[in-house]
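What follows is a single structure, written as C-alpha cells, with notes after it.
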Amino acid sequence: MIDIPVYLGLFALAFLAATILPAQSEIGLAGLILSGDYNLALLITSAGLGNTLGAVVNWGLGKWSLSFRHKKWFPLKPRALERSCNWYRRYGRWSLLFSWAPFIGDPLTIVAGILKEPIWSFLVIVCFAKTLRYIFVAAIALKLF
C-alpha cells in the first residue's frame, strides 16, 4: 500500500527547498530511504517534481517581479542579480544544469525568469538536474558509492 501523505510531505519539503525558504529535502529523502518502508522510485519522483515546481515559483518571481528589484524583500541583491544575469547570458539555458546547487541554484532559476527563458526548456533542464541530484542522494543513502 502506498503511504500518500509521506510522498506528499516529501514533495512539499522539496518544493519549499527550491524556493527562497530554508529547507533540507535531501535529509528528508535520505531518512525515508534508510527507513526501508517506502518505494525508492516514488520517493525520488516526489522529491524531483516538488523541487522542480518550487523552481518554477522562482522563475515566476523573476519573470513578474523585476520591477520590484529595488525593494528590500527582493530575493536577489543588485550585485548578485548582475552577476547571475551575466552568468546566464554567458552560458545560456545550460547554466540551469546547476539549478540543484546550493547558493547559486535559486538565483539562477530567478534569473531564468528575468531573462525570459521559455518555461518548457526551463522545466526540462531543471527537472533533469534536480532529479539527478536526488538520484545521487539516494545512491549515497544506499551506500552505492
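Computation of the quantities below employed the complete heavy-atom set of this structure, encompassing side-chain atoms and omitting hydrogens, waters and symmetry-equivalent molecules. What you see is a predicted model; the values in this text were computed from it and never measured. In what follows, residues are counted from 1 in the order of the sequence shown.
If you take CD1 on Ile125 and OG1 on Thr109, they are separated by 13.0 Å, rounding to the nearest 0.5 Å. Residue Cys127 holds its SG atom at 12.5 Å from CG of Leu96, rounded to the nearest 0.5 Å. Atom CZ of Phe136 and atom CH2 of Trp100 lie 8.5 Å apart (nearest 0.5 Å). Annotation: the span from Ile104 atom CD1 to Ser95 atom OG amounts to 8.5 Å, rounded to 0.5 Å. For the atom pair Glu117 CD and Leu108 CG, the distance stands at 11.0 Å (nearest 0.5 Å). The CG atom of Leu61 sits 11.0 Å away from atom CZ of Phe68, with the distance rounded to the nearest 0.5 Å.
In this structure, a donor-acceptor pair under 3.5 Å is absent between the side chains of Thr45 and Tyr7.
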Subject >> Test log, rule side chain to side chain contact (heavy atoms under 4.5 Å, CB included), inputs Val56 and Ile119 >> reply: CA-CA 8 Å; Val56 170; Ile119 189 66; 4.3 Å; yes
**OP:** Starting from the C-alpha separation in whole Å, work towards a yes-or-no answer on side chain to side chain contact (heavy atoms under 4.5 Å, CB included) for Leu123 and Trp59.
**Re:** CA-CA 10 Å; Leu123 280 171; Trp59 178 86; over 6 Å; no
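Closest of all the heavy-atom pairs between Asn51 and Ala14 is ND2-O, 2.7 Å. Scanning both residues, Gly62 and Ile114, for their nearest heavy atoms gives O-CG1, 3.3 Å. For Val111 against Cys85, the heavy-atom pair with the smallest separation is CG1-CA, 3.8 Å. Counting all heavy atoms, side chain and backbone alike, Leu97 lies closest to Ala129 at O-CB, 3.4 Å. When all heavy atoms are compared, the tightest approach of Ala55 to Lys130 is CB-CE, 3.8 Å. Closest approach of Ala18 and Asn58 over heavy atoms only: O-ND2, 2.6 Å.
Remark: the backbone N or O of Phe128 is not paired with any side-chain donor or acceptor of Thr131 at under 3.5 angstrom.
Leu142 places a side-chain heavy atom less than 4.5 Å from the side chain of Leu40. Residues Ser25 and Tyr134 are in side-chain contact: their nearest non-hydrogen atoms beyond the backbone lie under 4.5 Å apart. Side-chain contact between Pro118 and Arg93: present, with at least one pair of heavy atoms (C-beta onward) separated by less than 4.5 Å.
By the 6.0 Å contact criterion, NZ on Lys116 is enclosed, its count of non-hydrogen atoms from other residues, nucleotides or ligands being greater than 12.
Every residue two or more places apart in sequence or in another chain was checked for a side-chain hydrogen bond (donor to acceptor under 3.5 Å, both in side chains) with Ser46, and none qualifies.
Relative ring orientation between Phe15 and Phe11 is described as parallel, the plane-to-plane angle staying below 30° on a 0-90° scale split at 30° and 60°.
Neither Ile33 nor Ile27 shares a network with the other; the hydrophobic side chains, linked directly or stepwise wherever heavy atoms of I, L, V, M, F, W or Y lie under 4.5 Å apart, form separate groups for each. Hydrophobic clustering (side-chain heavy atoms under 4.5 Å, transitive across Ile, Leu, Val, Met, Phe, Trp, Tyr) groups Trp120 together with Tyr88. Put simply, Leu43 and Ile4 are part of the same group of oily side chains (I, L, V, M, F, W, Y) that touch within less than 4.5 Å, one to the next. Under a hydrophobic-cluster definition in which Ile, Leu, Val, Met, Phe, Trp and Tyr are linked whenever side-chain heavy atoms come within less than 4.5 Å, directly or via other members, Ile135 and Leu32 are assigned to the same cluster. Linking Ile, Leu, Val, Met, Phe, Trp and Tyr residues whenever their side-chain heavy atoms come within less than 4.5 Å leaves Ile140 and Leu34 in two separate clusters.
The only member of Ile2, Leu8, Asp3 that meets side chain to side chain contact (heavy atoms under 4.5 Å, CB included) when paired with Pro5 is Asp3.
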